[in-house]
Amino acid sequence: MGLLTLGSPLSWDETYPHIDYIKKHGIAQFIMLYHRLKGRQGDQLKWGDEIEYTIIKYDHEAKKVRVSNRAEELLNRLRAEEEVNAMVGTENRFLWRPEFAAYMVEGTPGVPYGGLMACFNVVESNMIRRRAEIVRLLKKDESVLSISFPSLGAPDFTVPKSVVTPEDPDGAGRSIFFPDDAIFGGHPRFKNLVKNIRGRRGEKVCINVPVFKDTNTPFPFLDKLPVPDVDAERNAKPDHIYMDHMGFGMGCCCLQVTFQAVNVEEARWLYDQLTPITPILLALSASTPIFKSYLADVDSRWDIISASVDDRTAEERGFVPLDKNKFVLNKSRYDSTDCYIYPCSVGYNDIPLEFDKKIYQQLREGDIDEPLAKHIAHMFIRDPLQVYRERLEQDDSKSTEHFETIQSSNWMNMRFKPPPPDASEIGWRVEFRPTEVQLTDFENAAYCCFVVLLTRVIVSFRLTFLLPISKVTENMKRAQKRDAVLNGKFFFRRGLANCDTPPDMKKTANCKTPDNNDVVEMAIAEIINGDGHEFPGLVPLIRQFLDSADVDVDTRCTISQYLNFIQKRASGEIQTLAHWMREFVHNHSEYKQDSYVNDRIIYDLCKSMDDISKGISHCEKLLGCFRSKTEQLIPSAVRRAEESLIVGKALRKASAASKPSTNNTS
Ligand code: ADP
Ligand code: MG
Ligand code: MG
């Protein structure tokens, strides 16, 4: 979840006097990095996923399930092994990192995947073995699930049992539901973030999720407060599930994919092209229909996380006139991006951007082009929340910490990641961030491979999916609605469009200006599978790309299973996890049609999900009947064959380029 620096974190009051200094130096660091690395060319496609897991513990006698706050213990062991491997020169197969909650861990592949098509066949196997690596450290009755736990903040939802301390003046969150002990304690960053968000905002965060109104749901539905609380009395809305801590959002699990572009131009271009795809994947991956043990009227976590880290003051939220703050801000720092960053795309930037003129000027004077300068300046309206006393003074030509502290706490649907200042093997990357984590490794692999293949299609066919960016914001809202995948309509481009210029920031001449007639509303099924006349569908486009690519038989088979699965999710032939969970609750004998999902139902639900995720039972409604041919390693013959094809292609290209032109320019 961003930068994990060592040092003594400053409180909000201690940070406040340094804000301008940090921003100025953060920008200076970005400018230097940009110019030093903007000429970097020819990085190959590399990519990797991040999966977050929830550690749970069953009480089989009482038929209850709780989150188990053992992440720190598990991580210490996993990371000790990682360090030993690094010391003896053995490649790590996985990397493990802390996440927000004391019951969460994040796992990534040990090294990123490369550009060979055969890599798509090792992803799922890596995920399977990654999961097994934590499982072997679990105690009796514990398990690990790649889900957002449905009872966060319900009474006594953790083991060991911990109490809330809303009155404690030194408490981090002061929640009446979510104890600070459920925050990961192994690094001071997380509690400090909670504290500083509350400090900056001037009150606790406030999350109201519309409750699902069932036949016996009280009308109006008034959420139960375990103790009287002034904030809750002021902020809890009728007919909503009320929550008051960062953990309700950041304690949910996500699935992210990062990929490296050949150069900075391609990274900026892909950032833009994938932005309109983010709401589609959010709807298609919907997995979070229950919050604090109540059925919600939304299917995903996005707005909940957004509100859970919303550090805007009352002035910035527009509740009181501006006085101490400079801007009214329409969005939380966790939300969808407000601007495209590739020069050709700027015609589609129809959201007015707030930014500090001085910061923008600093960027422009530092020779950062206008679209990128606006993006960075707009991110820098947010204050740093994580500053370390020992690290205020930095060499701006060597460090990017002040830049990263703001960049990594602008949690948007896409992230444009510059190379780190000190790791020469890492290039310009973009991160695709909206996807809800899936229950099984098959599904997680399918979603990741789908997104990466889509980037290949976009790059190869030079496709453009740009929409006015305000429509992406609107689509993000629609994507979270209950069963959006079945019933939602999303703004999308009517037909296929190409960008005729290669990614080159100087060539903006051929860029089209947006035409409202290009945009229509489509269902997810039409976007993914095609609408039968104008739009061919994202999966058929990927298939077309695969037909012209050199792919070994097993990889092709695996990819094909993933694509068929995605197509069936999109058409509604198989269910999203959110839909499946709702159905499970509705069919449970203890459910009283009152939106409340009691301990016993949650226990049965988790056990069923656990069995599916371990492959003990197969759920056709959720997964269809697919099986991939995933392998632990790329067979060396396949690797050699693919590599020689790539070399051959490059040679042919080079020799064609060196031949005299045969253009008929008589
Ligand atoms: P974040 O800042 O998003 O937490 P991480 O460092 O956790 O980023 O890495 C995200 C993913 O990026 C991981 O899956 C990792 O394997 C992958 N990755 C690492 N190096 C590269 C690279 N050079 N190009 C693309 N992806 C990479
Ligand atoms: Mg990470
Ligand atoms: Mg990430």
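When a ligand or atom number is given, it counts from 1 through the structure's own listing order.
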Taking both backbone and side-chain atoms of Arg429, is any N or O found less than 3.5 Å from an N or O belonging to ligand 1?
-> no
Identify, by name, the N, O or S atom of Glu431 lying closest to the Mg ion (ligand 3).
-> OE2
Should the pair Tyr342 and Trp269 be assigned to parallel (<30°), tilted (30 to 60°) or perpendicular (>60°) ring geometry?
-> perpendicular
Would you please test Tyr340 and His375 for ring pair (Phe, Tyr, Trp, His ring centres under 6.0 Å) and show each step?
-> CA-CA 8 Å; Tyr340 296 114; His375 165 71; over 10 Å; no
How does Asp49 reach ligand 1, by side chain, by backbone, by both or by neither, if only non-hydrogen atoms under 4.0 Å count?
-> backbone
Nitrogen or oxygen atoms of Lys417 and ligand 1 under 3.5 Å apart = yes
Residue pair Tyr447 / Phe565, side-chain heavy-atom distance below 4.5 Å | yes
With Glu50 as partner, the option from Thr258, Val437, Val257 fulfilling side-chain contact (heavy atoms from CB on, under 4.5 Å) is Thr258
Under 3.5 Å: N/O of Gln256 near N/O of ligand 1 = no
Does Glu106 have a heavy atom less than 4.0 Å from any atom of ligand 1?
-> yes
Starting from the Mg ion (ligand 2), look over the N/O/S atoms of Glu50 and name the nearest one.
-> OE1
Taking just the N, O or S atoms of Glu106, which one is nearest to the Mg ion (ligand 2)?
-> OE2
Purely on distance, is any nitrogen or oxygen of Thr108 under 3.5 Å from one on ligand 1?
-> no
Ring geometry between Phe178 and Phe100 (parallel below 30°, tilted from 30 to 60°, perpendicular above 60°) = tilted
Heteroatom N/O/S of Thr258 within less than 2.8 Å of the Mg ion (ligand 3) | no
Does Trp12 offer a backbone N or O that forms a donor-acceptor pair with the side chain of Asn196 under 3.5 Å?
-> yes
Got a sec: does the CZ of Arg77 have more than 12 other heavy atoms crowding it under 6.0 Å?
-> no
Over 12 non-hydrogen atoms of neighbours within 6.0 angstrom of NZ in Lys38 | yes
Looking only at distances, please establish whether an N/O atom of ligand 1 is found under 3.5 Å from an N/O atom of Glu50.
-> yes
Of the options Arg415, Met412, Arg333, Lys374, which is the one that meets Met379 in a side-chain contact (heavy atoms from CB on, under 4.5 Å)?
-> Met412
Residue selection (non-hydrogen contact nearest atom 19 (C) of ligand 1) among Pro112, Ala261, Pro420, Ser408 | Pro112
Which residue from Arg433, Glu404, Gln260, Glu431 reaches closest to atom 23 (N) of ligand 1 through any of its heavy atoms?
-> Gln260
